[in-house]
Peer 1: 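To start, I am sharing the structure in question, which I have written as structure tokens.
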Amino acid sequence: MSRATVGVLGGGQLARMLALAGTPLDLRFRFFDPQPELPAGGLGECIAGAYDDTAALDRFAAGADVVTYEFENVPVVSARWLAARVPVLPPPGALEVAQDRFAEKAFFQRLGIATPPFAGVATRAELEGAVARIGLPAVLKTRRLGYDGKGQEVLQTPADIGPAWERMAGARCILEGFVRFARELSILAVRGRDGDTRFWPLVENEHRGGILRVSIAPAPRLDAALQAAGEDVARRILDDLAYVGVLAVELFEGDGRLLANEMAPRVHNSGHWTIEGAETSQFENHLRAVVGLPLGATAMVGQAAMVNVIGALPDPAAVLAVTGAHLHLYGKTPRPGRKLGHVTVRTADVAARQAALDRLRGLIA
């Protein structure tokens, strides 16, 4: 589809990387975001407006060949409004599932995908009843919104229940049993309009303060059985939703099995390593999928990793002096907890990857 116009709901760093990947494919981009100053600015037309502003959405949709999104908190009603005028991919149904943690867990269970124990809670009494059934420790999360550790409270003892509920300020929540997992993994997959499906290797993720810090690809000690289990989880979701585009599923590994934590119906932070570390990046394959082009190979090129740049900018020269390192900055103003960029690492072997990671950990806060 030559010179197709791709509309992207959201204009942050993921939209920016989509546009950078789409430029060699001769794609045009248009971004819709409530904020006028965007990391994606300069890479396409930017339309500023509230997500319920139908006049602005109409301008955004006019002439677009397909609409996609870079984050999952776009109002579903807006996505459905657009879908009546232009193809919206992944389908709005995937967006709807991912926006509500309780609906998401129930969806996983309907598909036979294992999850931690969970219960929906809307009152203090329901929370106490859920704690009695699930036990402590447990994690109380808002059903909607919340990311990078926001909107979550860990309950260790009964004394934590009252203060945690007060901090939720009346929001509908989900209580999840605390999983004593060995590690956190994620699987990225892509499904085309024709149903062709590809998977990247499972990656191991390191979080700190609820924020992803490091992803290692492939996950250490990854074997064929574990990869197949991750692919099975993703495939069930993709097929049930008639999905088109890149999907990420965050997983816990423990006791020899995988438990699904969350899904993201978009390109994902834990897949940034694919820019240099895979034959086709998640960004290029997402675009190939939504515009109807053949999917690219997802095989790795060497060993890879990704380190997020959070809160403060490192010395670019020091980062680029690390063998195999590639610096990606998003043009954001530094502030605590903000994702400002990332560094991808590609090396020929595991030892070189570890050496590069050790050096980068000393350079990036």
Peer 1: Between M300 and W200, is there a side-chain heavy-atom distance shorter than 4.5 Å?
Peer 2: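 No. Closest side-chain heavy atoms not under 4.5 Å.
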Peer 1: Apply side chain to side chain contact (heavy atoms under 4.5 Å, CB included) to the pair E96 and R80, showing each step before the final yes or no.
Peer 2: CA-CA 10 Å; E96 188 169 30; R80 295 198 188 281; 2.7 Å; yes
Peer 1: Does R143 reach the main-chain N or O of C173 with its side chain, forming a donor-acceptor pair under 3.5 Å?
Peer 2: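 Side chain of R143 to backbone of C173, a donor-acceptor pair under 3.5 Å: no, none is there.
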Peer 1: Is the backbone of A219 close enough, under 3.5 Å, to the side chain of E204 for a donor and an acceptor to pair up by distance?
Peer 2: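 No; judged by distance alone, with no hydrogens or angles, the pair does not exist.
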Peer 1: Is the backbone of Q156 close enough, under 3.5 Å, to the side chain of D160 for a donor and an acceptor to pair up by distance?
Peer 2: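 Indeed, once roles are kept as given, a pair shorter than 3.5 Å links the two residues.
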Peer 1: Got a donor-acceptor contact below 3.5 angstrom from the Q99 side chain to the E72 backbone?
Peer 2: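 Checked: pair present.
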Peer 1: Given L241 and F107, is the side chain to side chain contact (heavy atoms under 4.5 Å, CB included) satisfied, shown in steps?
Peer 2: CA-CA 11 Å; L241 293 170; F107 172 71; 3.8 Å; yes
Peer 1: Between the main-chain N or O of A217 and the side-chain N or O of R353, is there a donor-acceptor pair closer than 3.5 Å?
Peer 2: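 Checked: pair present.
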Peer 1: How long is the gap from CD1 on I364 to CZ on R213, to the nearest 0.5 Å?
Peer 2: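 The distance works out to 11.0 Å.
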Peer 1: Between D65 and V6, is the side chain to side chain contact (heavy atoms under 4.5 Å, CB included) condition met? List the steps.
Peer 2: CA-CA 6 Å; D65 293 285; V6 179; over 6 Å; no
Peer 1: Do R101 side-chain atoms and T142 backbone N/O form a donor-acceptor pair below 3.5 Å?
Peer 2: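 Such a contact is found between R101 side chain and T142 backbone.
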Peer 1: For residues E276 and T344, is any side-chain donor paired with an opposing acceptor at under 3.5 Å?
Peer 2: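 Checked: E276/T344 side chains pair up, N/O donor to acceptor below 3.5 Å.
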Peer 1: Got a second to check how far S215's OG is from H207's NE2, nearest 0.5 Å?
Peer 2: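 Here the rounded value is 7.5 Å.
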Peer 1: Applying salt bridge (Lys or Arg N to Asp or Glu O under 4.0 Å), run through R180 and D255 and close with a yes or a no.
Peer 2: CA-CA 9 Å; R180 299 191 184 281; D255 297 325; over 6 Å; no
Peer 1: Treating T197 as the side-chain partner and G195 as the backbone partner, does any N or O pair qualify as donor plus acceptor under 3.5 Å?
Peer 2: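 The answer is yes, because a donor-acceptor pair under 3.5 Å joins these two groups.
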Peer 1: Do I237 and L111 have side chains that get closer than 4.5 Å, going by heavy atoms?
Peer 2: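 Touching, per the 4.5 Å side-chain cut-off.
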Peer 1: Please state whether the rings of H342 and H328 are parallel, tilted or perpendicular, taking 30° and 60° as the class boundaries.
Peer 2: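 Parallel: the ring planes of H342 and H328 meet at under 30°.
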Peer 1: Given D240, which partner from the list R191, R110, R235 fulfils the salt bridge (Lys or Arg N to Asp or Glu O under 4.0 Å) test?
Peer 2: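 Considering R191, R110, R235, a salt bridge (Lys or Arg N to Asp or Glu O under 4.0 Å) with D240 is found only for R110.
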Peer 1: Between T298 (side chain) and F199 (backbone), is there a donor-acceptor pair under 3.5 Å?
Peer 2: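 Judged by distance alone, yes, a pair lies under 3.5 Å.
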Peer 1: T68 versus V88: any side-chain heavy-atom pair under 4.5 Å?
Peer 2: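 The answer is no; the side chains never approach within 4.5 Å.
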Peer 1: Applying side chain to side chain contact (heavy atoms under 4.5 Å, CB included), run through T280 and L295 and close with a yes or a no.
Peer 2: CA-CA 9 Å; T280 312; L295 299 182; over 6 Å; no
Peer 1: Are the side chain of E184 and the backbone of E206 linked by a donor-acceptor contact shorter than 3.5 Å?
Peer 2: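 No, E184 side chain to E206 backbone: no donor-acceptor pair under 3.5 Å.
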Peer 1: Just verifying a value: how many Å separate F71 CZ and H268 NE2, rounded to the nearest 0.5 Å?
Peer 2: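 Those atoms lie 14.5 Å apart.
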Peer 1: Does R30 use its side chain to pair, donor to acceptor, with the backbone of A62 at less than 3.5 Å?
Peer 2: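 Side chain of R30 to backbone of A62: a pair is present.
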Peer 1: Return yes when atom CD of E37 has more than 12 non-hydrogen atoms of other residues, nucleotides or ligands closer than 6.0 Å, and no otherwise.
Peer 2: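 Open.
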Peer 1: On the six-membered ring of W81, is R85 placed so that its NZ or CZ lies under 6.0 angstrom from the centre and within 45° of the ring axis?
Peer 2: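 Pair R85/W81 counts as cation-pi.
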Peer 1: Roughly how far, to the nearest 0.5 Å, is the OG1 atom of T23 from the CZ atom of F29?
Peer 2: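 Here the rounded value is 6.5 Å.
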Peer 1: Could you tell me if the ring centre of F32 sits under 6.0 Å from that of Y51?
Peer 2: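 F32 vs Y51: aromatic centres under 6.0 Å.
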Peer 1: Going from CG on N269 to CG on L212, what distance comes out if it is rounded to the nearest 0.5 angstrom?
Peer 2: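 Rounded to the nearest 0.5 Å, the CG-CG separation comes out at 4.5 Å.
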Peer 1: Heavy-atom count check: over 12 atoms from other residues, nucleotides or ligands less than 6.0 Å from D349 CG?
Peer 2: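 Yes, CG of D349 has more than 12 neighbouring heavy atoms, counting only those of other groups under 6.0 Å.
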Peer 1: Would a hydrophobic clustering, with Ile, Leu, Val, Met, Phe, Trp and Tyr connected at side-chain separations under 4.5 Å, put F108 with Y243?
Peer 2: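 In one cluster with F108: Y243, yes.
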Peer 1: With distance as the sole criterion, is a donor-acceptor pair present between the side chains of Q227 and D223 under 3.5 Å?
Peer 2: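 Result is no, nothing qualifies.
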Peer 1: Enter the distance from N73:CG to L9:CG here, rounded to the nearest 0.5 Å.
Peer 2: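 Answer for the CG-CG pair, N73 versus L9, is 12.0 Å.
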Peer 1: With no hydrogens and no angle check, just 3.5 Å: does a side-chain donor-acceptor pair link S281 and T274?
Peer 2: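 S281 vs T274: no donor-acceptor pair found between side chains.
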Peer 1: Counting neighbours of CZ on R257 that are heavy atoms of other residues, nucleotides or ligands and sit closer than 6.0 Å, is the number greater than 12?
Peer 2: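 No - once you tally the heavy atoms of other residues, nucleotides and ligands closer than 6.0 Å, there are 12 at most.
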Peer 1: Relative to the ring of F283, is the ring of H272 parallel (under 30°), tilted (30 to 60°) or perpendicular (over 60°)?
Peer 2: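 Tilted: the ring planes of H272 and F283 meet at 30° to 60°.
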